[in-house]
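Quick notes on the structure that follows.
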2 protein chains.
Amino acid sequence: MTKPPSQLSPCIILAKPQMGENIGATARAMANFGLTDLRLIAPRDGWPNPKAEGMSTGAFEHLAPVQVFDTLKDAAHDCHALYATTARPRDMVKPVLAPRAAMQEARAHMGEGQKVGFVFGGEQSGMDNDDLALCGAIVQVPTNPEFSSLNLAQAVLLVVSQFAEDEVACAPRPKDSPPATKEELFAFLDRLESELEAANFFKAEGLKPTMVRNIQNIFTRNDLSEQEVRTLQGILSALTKA
Amino acid sequence: MTKPPSQLSPCIILAKPQMGENIGATARAMANFGLTDLRLIAPRDGWPNPKAEGMSTGAFEHLAPVQVFDTLKDAAHDCHALYATTARPRDMVKPVLAPRAAMQEARAHMGEGQKVGFVFGGEQSGMDNDDLALCGAIVQVPTNPEFSSLNLAQAVLLVVSQFAEDEVACAPRPKDSPPATKEELFAFLDRLESELEAANFFKAEGLKPTMVRNIQNIFTRNDLSEQEVRTLQGILSALTKA
């Protein structure tokens, strides 16, 4: 992951958070995915909070200084787009997006130099309607309707983890030793066939071609490394010498 | 989200978990996304664990009874595909997938009626290399390299949350014969190890663990069929009888 410039980090806004532990876990989740801008609205236990520090496992060093505000209007003053992470409101008409779709939309805003904020309500009562009314869209995590309650920091994690994902969806895989050439692999397969012939493995001559193909299918499917083909050769030597 | 039938739930396997709280938070994350099959390998504080219960906020009622095993070989016996959730190993060649891609692949397996397992190491040291060698692929959460450490339950959450998300179409792979269970594969690997021991393959005793892991890595890449494991057994019989 390339760390994004901090002006492009969406801000995470916790509205009236109660437990310092959840603020710390929020900071940890943000740092895990390269977000740097954490804002608090009227945290119950004030700020700074030693319990947040303890739970953060050092994450605050990777964030910009935390900013504390009295209201969402203050906290979101420089945002261009504001998402409320909450259950679907019954009495307001707003777009509802899953975290991935919301982050895609947020990226489009950020790509134009805009500031995006994600707002999370407090542990007990979630976001109040006044704050919700200030947000342009709802982010809703698609949880099991029979067991839907997420902890605050878990909800944050599921949103911020979308920030890094696509860039690294398929990392190249490391190789200790270079991949085997087909020549090396086929040499092993030829030798295996000879040894099996000698061991009377192919009892019915008519079935031999199919059996050989089946064996080749086992070993040709995955890209074996040079070292692995050498290991297979060694196994064959050991078993036939015994 | 429609709750999936429990036989299609991937299983979550915690290898040597230490804190009951993390087991409880794992159960909560699973229930949030409709997974039901939790297995523990040698939990430090035994099982059941009141701290797990407390942290679960009632999630265990939404899960099948938790199963406890001594080893990964036992815990994964009925799985057809096994994913290790860990940092990228330096000395093993395995596919590395982000959680979303891994869950897409897992869905393709499950769509064919196969059982999929996701393995998570303990809090202190993660997965050990012996267990890692038994898994076909690595799931790696694409975290910020400068602050990459995830709590165990957070890692579980980021994997299981992929289970509910998008409907994914993955073309089923044609199969001549049903996929092997890990139990069938491990039986072959155990026998291969014994035969190699008898053939004096592991000359330097100190190197044996590494050599065994290297061999397991060749064969544990996912997707051997029952027929292919039988073929490997037959090859071994033929070579050792000769």
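Residue numbering restarts at 1 for every chain, and letters A, B, ... go by the order of the sequence lines. Every value quoted in this text rests on a predicted model; they were computed, and no experiment measured them. The analysis underlying the following values was restricted to heavy atoms, covering all of them including side chains, and did not include hydrogens, waters or symmetry mates.
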Report all side-chain donor-acceptor pairs from residues 17-27 of chain A shorter than 3.5 Å, counting only partners two or more places apart or in another chain.
unit_1: A/N22; atom_1: OD1; unit_2: A/N151; atom_2: ND2; d: 3.4
unit_1: A/N22; atom_1: ND2; unit_2: A/E123; atom_2: OE2; d: 2.9
unit_1: A/T26; atom_1: OG1; unit_2: A/N22; atom_2: O; d: 2.8

For this session: For chain B, find its close neighbours in residues 53-61 of chain A: heavy-atom separation under 4.5 Å, sorted by number, or none.
Result: A/S56, A/T57, A/G58, A/A59
Problem set entry | Top contributor to chain B interface from A/I215, A/T231, A/L232, A/I235 [non-hydrogen pairs under 4.5 Å] | A/I235
Problem set entry | Pairwise side-chain contact, B/F120 with B/V159, heavy-atom cut-off 4.5 Å (strictly under) | yes
Exercise. Okay, side chain of B/K241, backbone of A/A199: is any donor-acceptor separation there less than 3.5 Å?
Worked result: no
For this session: Ignoring hydrogens and angles, tell me if any N or O in the side chain of B/D37 forms a donor-acceptor pair with the backbone of B/P10 under 3.5 Å.
Result: no
Exercise. Less than 4.5 Å apart, any side-chain heavy atom of A/M211 and any of A/F201?
Worked result: yes
Problem set entry | B/R213 and B/T210, any side-chain heavy atoms less than 4.5 Å apart | yes
Seminar exercise, completed: Per-residue tally against chain A (heavy atom, under 4.5 Å) across B/L157, B/N214, B/L192 peaks at B/L157
Exercise. Any sub-3.5 Å donor-acceptor pair from A/R230's side-chain atoms to A/S225's backbone N or O?
Worked result: no
